Enquirer: 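Have a look at this one.
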Amino acid sequence: YPDAGINEAEGKLYSNIPVPVTISVDEANFAFNIDDIETNAEKIDISLTKDGSEIQLPGGLVWSPAGEDGKYQAVITIPAASDHTDDGEYLLSIAVTDVVGNSGSSAESEKTIVIDTTAPQLTVSFNNNSAVEHNGEQFFDAERIAAVTLYDVNVRSAEDFDVHADGIRNHNGVGTE
């Protein structure tokens, strides 16, 4: 597997480790005090989708004060299980309504979070598997074409990867790269 980490590409955030996402609420009239956090929690509408379908938020949300009055934050961690069940594209959105019913603008995560814990699969097959022997060495006396197949949910086209052949010899012993 590649090293664990988080990478950005094409407007998406790619990770093979859990990704913590901080949600912040900044509303002076939210009357969100730590003692009635459950009372006010229904005024925060948080939606998490995986591959386009809404899912339950992983773990519970724990809100805490974030500095000045009216500022609170919670962390949602997008999981990345080693059994690959969490692999997919996640999008988070939030909408908040204050105590007098004013709805704030909704917010959506700036990037789609892609969890990918599955290693790519690579196969190579040849159209000619009939080697002949000449002077104690085996070689192919007819054209041999390799078909390289790469499967990875995050590789979109052949332009996303390169194939290099090293150490190949033709029947005259001349190497190619």
Side-chain angles (χ1 to χ4, degrees), residues 1-124 148-163:
Y1 292 107
D3 290 336
I6 300 172
N7 299 298
E8 288 187 47
E10 298 175 14
K12 294 183 178 180
L13 185 70
Y14 291 87
S15 180
N16 61 355
I17 58 174
V19 177
V21 179
T22 301
I23 299 170
S24 299
V25 174
D26 184 0
E27 170 56 56
N29 295 322
F30 197 62
F32 203 22
N33 84 48
I34 216 72
D35 296 328
D36 10 299
I37 204 143
E38 295 305 317
T39 306
N40 291 301
E42 73 272 3
K43 303 207 184 330
I44 303 171
D45 181 24
I46 300 172
S47 170
L48 179 64
T49 61
K50 176 184 176 191
D51 298 329
S53 298
E54 191 164 347
I55 62 169
Q56 186 173 356
L57 294 175
L61 280 181
V62 178
W63 291 93
S64 59
E68 302 169 25
D69 288 342
K71 292 184 181 180
Y72 289 85
Q73 67 182 20
V75 175
I76 294 173
T77 300
I78 309 297
S82 60
D83 67 0
H84 318 299
T85 54
D86 296 320
D87 284 17
E89 295 192 1
Y90 293 82
L91 196 59
L92 186 69
S93 62
I94 182 170
V96 179
T97 304
D98 69 13
V99 293
V100 294
N102 296 317
S103 295
S105 59
S106 60
E108 194 170 87
S109 46
E110 292 177 12
K111 297 188 182 297
T112 298
I113 299 167
V114 180
I115 300 296
D116 181 3
T117 61
T118 305
Q121 298 172 347
L122 182 69
T123 59
V124 180
V148 178
T149 305
L150 172 67
Y151 175 77
D152 187 275
V153 71
N154 293 308
V155 174
R156 302 290 183 226
S157 71
E159 287 126 22
D160 289 346
F161 67 97
D162 295 317
V163 176

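As the structure is a prediction and not an experimental result, all values here were calculated from the model. Position 1 is the first residue of the sequence; numbering continues from there.
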Enquirer: Measure the NZ-CG distance between Lys50 and Asp87 for me, rounded to the nearest 0.5 Å.
Expert: 7.5 Å
Enquirer: Considering all heavy atoms of both residues, which atom of Ala81 and which atom of Thr85 are nearest to each other, and what is their separation?
Expert: CB-OG1, 3.9 Å
Enquirer: Can you measure from CG (Leu122) to OH (Tyr151) and round to the nearest 0.5 angstrom?
Expert: 14.0 Å
Enquirer: If every non-hydrogen atom of Val75 is compared with every non-hydrogen atom of Pro20, which pair is closest and at what distance?
Expert: CG1-CB, 3.9 Å
Enquirer: How many angstroms lie between atom OG1 of Thr118 and atom CG of Asn16, to the nearest 0.5 angstrom?
Expert: 10.0 Å
Enquirer: Side chains of Leu48 and Pro58, heavy atoms from C-beta outward: is any pair under 4.5 Å?
Expert: yes
Enquirer: Checking Thr77 side chain against Pro79 main chain: does a donor-acceptor pair fall under 3.5 Å?
Expert: no
Enquirer: Compare all side-chain heavy atoms of Ile115 with those of Ile113 and state whether any distance is below 4.5 angstrom.
Expert: yes
Enquirer: Can you measure from CG (Leu57) to CD1 (Ile78) and round to the nearest 0.5 angstrom?
Expert: 8.5 Å
Enquirer: About how many Å separate OG1 of Thr112 and CG of Asp51, when rounded to the nearest 0.5 Å?
Expert: 10.5 Å
Enquirer: Measure the shortest side-chain to side-chain distance between Leu91 and Ser93 over non-hydrogen atoms and say whether it is less than 4.5 angstrom.
Expert: no
Enquirer: So how far is it from Ile17 CD1 to Thr117 OG1, rounded to the nearest 0.5 Å?
Expert: 12.0 Å
Enquirer: Please report the closest heavy-atom contact between Lys12 and Glu89, naming both atoms and the distance.
Expert: NZ-OE2, 2.8 Å
Enquirer: Taking side chain as C-beta onward, heavy atoms only, is Ile76 less than 4.5 Å from Ile23?
Expert: yes
